[in-house]
2 protein chains.
Amino acid sequence: MTGQVRTVDGRVAGRRGQATRQKLLDCLSEMLSSSPYRDVKVIDVARKAGTSPATFYQYFPDVEGAVLELAEQMAAEGAGLSEVLEEGSWVGRAGWRTAQDLVEGFLDFWRRNDALLRVVDLGAAEGDKRFAKIRAKILSSVTGSLAATITELQSKGRIDKDVKPAAVAGALVAMLASVASHQKSFQGVKPAELKPNLALLVHLGVTGRKPTR
Amino acid sequence: MTGQVRTVDGRVAGRRGQATRQKLLDCLSEMLSSSPYRDVKVIDVARKAGTSPATFYQYFPDVEGAVLELAEQMAAEGAGLSEVLEEGSWVGRAGWRTAQDLVEGFLDFWRRNDALLRVVDLGAAEGDKRFAKIRAKILSSVTGSLAATITELQSKGRIDKDVKPAAVAGALVAMLASVASHQKSFQGVKPAELKPNLALLVHLGVTGRKPTR
DNA sequence: ACTTGTCCTGTCATGCCGTCAGCTTACCGA
DNA sequence: TCGGTAAGCTGACGGCATGACAGGACAAGT
């Protein structure tokens with residue numbers, strides 16, 4: 001499906017080429033973690049990778065293009081975020097456990113990829129459809145699953161008819177994503193205290209009821 | 001409190017100076033709305049304002065510095081976000097109304113300042129304390145008020161003891177902010193449908209109960 | 001008109017951007 | 001072993017943004 005990796009000028013990349021390409025991506029990823037996105041320059045990435053700017057431009061049209069590549073890789077990994085939800089139940093104690101697992105997985109994924117996710121979020125918010133698509137890919141599996149759960153509960157009459165499952169699910173996921181990327185701003189609230197409260201909100205939102213612990 | 005407006009090289013700005021300074025800020029604001037933050041250049045802002053780059057550097061150290069100035073102005077206005085909560089009650093129908101008003105005010109404020117808020121959010125997430133402070137200033141009045149309400153309900157025994165008011169309030173506000181800045185991503189959910197669902201989640205989170213409409 | 005202090009711009013050195021031609025390296029078939 | 005071909009890399013270049021400076025334009029008071 002992925003086809004062959006190609007350089008900007010159309011050549012197919014061989015073993016060595018793919019290696020430097022990946023090295024550039026790795027260095028870019030490091031730079032994103034250590035400096036503001038606005039200040040990440042091609043020349044810095046190239047220097048860090050022990051190569052020249054011209055080489056960078058052989059593999060990527062610009063910094064944004066390379067970031068997109070990184071983001072795609074991350075999105076592939078992030079699709080696993082909803083594994084918890086495939087099997088998890090939202091009934092009784094299992095529901096509380098499911099909510100907790102979801103929060104845990106989310107915060108963990110964000111902690112591992114915070115720099116990249118910031119950039120994706122910015123790009124999406126600025127209206128760049130490529131970034132919006134990637135963000136959707138990461139979040140959609142979770143929102144979709146949550147929405148399905150809500151719809152099911154709704155059909156059983158346990159949730160009001162005028163609740164829009166997609167809206168509630170999307171809002172809850174947005175909450176998790178936002179809190180995850182601003183964890184440091186929650187001064188006075190330790191991460192250990194934060195998680196159960198997030199899980200509580202998720203459980204409340206999905207089931208409309210307080211969890212039984 | 002604001003003292004005199006000063007140029008970078010320490011001189012006090014007169015009437016004319018303040019005018020061009022403000023014009024630069026206005027043009028910067030426009031540029032932020034129309035192009036990605038990463039691509040906003042000093043020279044473009046200066047050209048748009050009918051002046052030269054050198055003039056820009058007389059009033060601001062760099063683009064970031066000017067953005068901070070804009071953000072401060074916005075933060076001052078945004079403090080009014082919590083007016084709704086000062087008088088609002090969370091009991092019965094009034095509670096539902098309060099939640100709705102809060103959501104309405106939030107989305108409206110974000111719609112009016114989306115470009116700037118994106119940048120502030122990014123800066124804060126990247127660890128820049130100046131931006132984090134501004135973000136806190138905008139959100140804290142709301143979180144503080146919500147947290148106070150939760151604490152009060154808690155003291156009456158209507159909410160579990162192990163709920164951390166600050167955590168719940170912060171998460172709800174983060175949700176509102178995040179949803180507001182990604183409104184376009186909610187495809188398939190119209191804004192008119194989104195709002196009541198957000199209000200529902202806010203009400204659930206604050207009071208622990210479904211609203212009576 | 002002269003002075004004073006504010007305000008703006010022309011200009012310059014520096015450094016990054018993005019592209020090209022051209023050199024080096026690896027692979028492969030004869 | 002040896003050339004041929006394509007991949008891989010870089011030096012160098014014009015172009016543009018940055019940031020600093022000195023000096024000219026302007027308004028206001030005398």
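Chain naming here is simple, since letters A, B, ... match the order of the sequence lines and numbering starts at 1 in each.
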**OP:** Starting from P on C:dC17, measure out to CG on A:D39 and report it in whole angstrom.
**Re:** 11 Å
Original post:
Taking the side chain of A:A54 as heavy atoms from C-beta outward, which of C:dT25, C:dT19, C:dT9 is closest to it?
Top reply: C:dT19
Original post:
Between B:H203 and B:W96, what is the ring plane arrangement, given parallel below 30°, perpendicular above 60°, and tilted in between?
Top reply: perpendicular
Original post:
Starting at CG of B:D62 and ending at C1' of D:dG19, how long is that distance when rounded to a whole Å?
Top reply: 10 Å
**OP:** Tell me what A:Y59 touches on the nucleic acid: a base, only sugar-phosphate, or nothing, going by heavy atoms under 4.0 Å.
**Re:** sugar-phosphate
Original post:
Nearest to the side chain of B:T20, which nucleotide is it out of C:dT9, C:dT25, C:dC8?
Top reply: C:dC8
**OP:** Could you tell me the separation between the CZ atom of B:F56 and the P atom of D:dT18, rounded to a whole number of Å?
**Re:** 9 Å
**OP:** Could you tell me whether the side chains of B:N197 and B:E193 share a donor-acceptor contact shorter than 3.5 Å?
**Re:** no
**OP:** Provide, to the nearest angstrom, the distance between the CZ atom belonging to B:R38 and the C1' atom belonging to D:dA17.
**Re:** 14 Å
Original post:
Would you call A:D44-A:K48 a salt bridge at under 4.0 Å N-O?
Top reply: no
Subject >> Closest listed nucleotide, where the reference is the side chain of B:T51 and the choices are C:dC8, C:dT9, D:dC9 >> reply: C:dT9
Subject >> Salt-bridge present (B:E77, B:R112; N to O < 4.0 Å) >> reply: yes
Original post:
Which one, C:dC17, C:dC27, C:dT9, comes nearest to the side chain of A:R15?
Top reply: C:dC27
Subject >> Euclidean distance, atom CZ of residue B:R21 to atom P of C:dT6 [Å, nearest integer] >> reply: 16 Å
Original post:
Rounding to a whole Å, what distance do you find between A:Q18:CD and D:dC9:P?
Top reply: 12 Å
**OP:** Give a yes/no on whether any side-chain N or O of A:T55 is located under 4.0 angstrom from OP1 or OP2 of D:dT10.
**Re:** yes
Original post:
Nearest-Å distance, CZ (A:R6) to P (D:dA6)?
Top reply: 13 Å
Original post:
Rounding to a whole Å, what distance do you find between B:Y57:OH and C:dC12:P?
Top reply: 19 Å
Original post:
Between B:P53 and A:V40, who's closer to the 5' end of DNA chain C by nearest nucleotide?
Top reply: B:P53
Original post:
What's the closest nucleotide to the A:Q58 side chain, out of C:dT19, C:dT9, D:dG8?
Top reply: D:dG8
Original post:
Between A:D108 and A:R111, is there a side-chain N and carboxylate O pair less than 4.0 Å apart?
Top reply: yes
**OP:** Tell me, please, whether B:Y37 has A:R38 positioned over its six-membered ring: NZ or CZ under 6.0 Å from the ring centre and within 45 degrees of its axis?
**Re:** yes
**OP:** Anything under 30° is parallel, anything over 60° is perpendicular, the rest tilted; go ahead and classify B:F56 against B:F60.
**Re:** tilted
**OP:** Return the residues of residues 41-49 of chain A meeting this criterion: a heavy atom under 4.0 Å from some atom of DNA chain C. Order them by number, or give none.
**Re:** A:K41, A:V42, A:I43, A:R47
